[in-house]
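Take a look at this one; I'll ask things after.
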Amino acid sequence: IAAVDYEVISQHYLVKRAYSLFFPSISLTGAMGFESPFLKLFLQGISRYWMYGARGSQIAFDGFRTSYNLDREIANFKQASGQYQQQVLR
């Protein structure tokens with residue numbers, strides 16, 4: 001039962017990962033600054049000497065591949081859930 005349970009958990013993670021591809025990817029970077037151990041001192045004094053930037057990316061059009069991948073992962077999750085239910089009910 002534990003193996004089938006882990007399979008359901010794994011498939012659920014894959015559904016969440018496929019769903020996350022609908023949203024943009026964002027990363028924040030910082031360099032050349034004073035490292036402060038306190039967040040409230042982050043932009044004060046010598047800590048202001050920072051070069052910062054942000055980057056984002058998202059696929060504009062992929063021929064509906066992202067939505068098909070999500071549908072496939074949901075189907076795999078439902079199959080794993082069905083196997084789990086059969087295993088538990090035995």
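Sequence positions, counted from 1, serve as the residue numbers for this chain. These numbers come from the heavy atoms of this one structure, side chains and all, not from hydrogens, waters or symmetry mates.
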Same cluster for Leu14 and Phe23 if Ile/Leu/Val/Met/Phe/Trp/Tyr side chains link at under 4.5 Å?
no
In Å, rounded to the nearest 0.5 Å, how long is the span from CG of Asn69 to CD1 of Ile74?
11.0 Å
Minimum heavy-atom separation for Phe22 to Leu70, with atom names?
CE1-CD2, 3.5 Å
For Phe77, ring pair (Phe, Tyr, Trp, His ring centres under 6.0 Å) partners two or more places apart:
His12
Identified side-chain contact (heavy atoms from CB on, under 4.5 Å) counterpart of Gln83 within the set Gln85, Gln87, Gln79
Gln79
Taking every heavy atom of Gln86 against every heavy atom of Arg90, the minimum-distance pair comes out as O-CG, 3.2 Å
How many angstroms lie between OH in Tyr84 and CG in Leu89, if you round to the nearest 0.5 Å?
9.5 Å
Using a 3.5 Å cut-off and no angle test, enumerate the donor-acceptor pairs between side-chain atoms of residues 1-11 and protein atoms at least two apart in sequence or in another chain.
residue: Glu7; atom: OE2; partner: Gln11; partner atom: NE2; Å: 3.1

